[in-house]
Amino acid sequence: MQIILRIFITAVLLFSTLNAIEFADMYEISLKKDESTKFLVRYSNYEREFKFRWTLYVNDGLVMFHSYDTTLAQNILYLNTTNQSFKVFLKQKSSALYEAPYLLVKFKEFDFEKNSAKFEVFLSDKKSLIKIEKMKKKS
């Protein structure tokens, strides 16, 4: 019985490792209040802009604004909860078996001394169709 249990646990761990989300790209970003960051998203013959900023940190919640192409949205992110990130799909899903590429923005830390928030931005793109580039800030 123990051998069967060990084989089962090993198979589950191996399968979950193989199906883990692999991110094609990752950026670490630190932003002050109302400072925005932008990414240029390219695929096929399209160029789109993704940008986000935070505007308020109160009661451990970070109020976020983000836009992709013509879609605007607002989220409130919290540290150490399930609501610490948001996902932005970059293109339409083309079939039921295909997971559309997306960006995941994760709130990592708030620095009270610098009044800045730290984020990680991940690109999930299993078919390698998307290219993203962080745009430089204008001086």
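Because only heavy atoms are used, hydrogens play no part in the values below, and waters and symmetry mates are left out as well, while side chains stay in.
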Minimum side-chain heavy-atom gap [X]-[Y] below 4.5 Å:
X: Q84; Y: K106; value: yes
X: T71; Y: V88; value: no
X: I132; Y: L40; value: no
X: Y43; Y: K131; value: no

Taking the six-membered ring for Trp, are F122 and Y102 closer than 6.0 Å centroid to centroid? no
Before we go on, tell me: are the rings of Y27 and F119 under 6.0 Å apart, centre to centre?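 For Y27 and F119, the ring centres are not under 6.0 Å apart.
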Smallest heavy-atom separation, D111 atom then K114 atom, equals OD1-N, 3.2 Å
Distance only, no hydrogens: is a donor on one side chain within 3.5 Å (strictly under) of an acceptor on the other, for D34 and T55? yes
Can a side-chain donor-acceptor contact be found between K51 and T37 if the only test is distance below 3.5 angstrom? no
Do E133 and R42 meet the salt-bridge criterion of a basic N to acidic O distance under 4.0 Å?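 A salt bridge links R42 with E133.
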Report the relative orientation of the aromatic rings in W54 and F110; use parallel for angles under 30°, tilted for 30 to 60°, perpendicular for over 60°.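 If you compare the ring of W54 with that of F110, the planes turn out perpendicular.
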Please verify the inter-ring angle class for Y57 with F107; under 30° counts as parallel, over 60° as perpendicular, anything in between as tilted. perpendicular
Would you say S44's side chain and Y46's backbone share a donor-acceptor pair under 3.5 angstrom? no
If you group Ile, Leu, Val, Met, Phe, Trp and Tyr by side-chain heavy-atom gaps below 4.5 Å, do L31 and F86 land in one group? yes
Could you go through E49 and M135, starting from their C-alpha distance and side-chain angles, then the distance that decides it, and tell me whether this counts as side chain to side chain contact (heavy atoms under 4.5 Å, CB included)? CA-CA 9 Å; E49 185 178 271; M135 298 171 73; 4.1 Å; yes
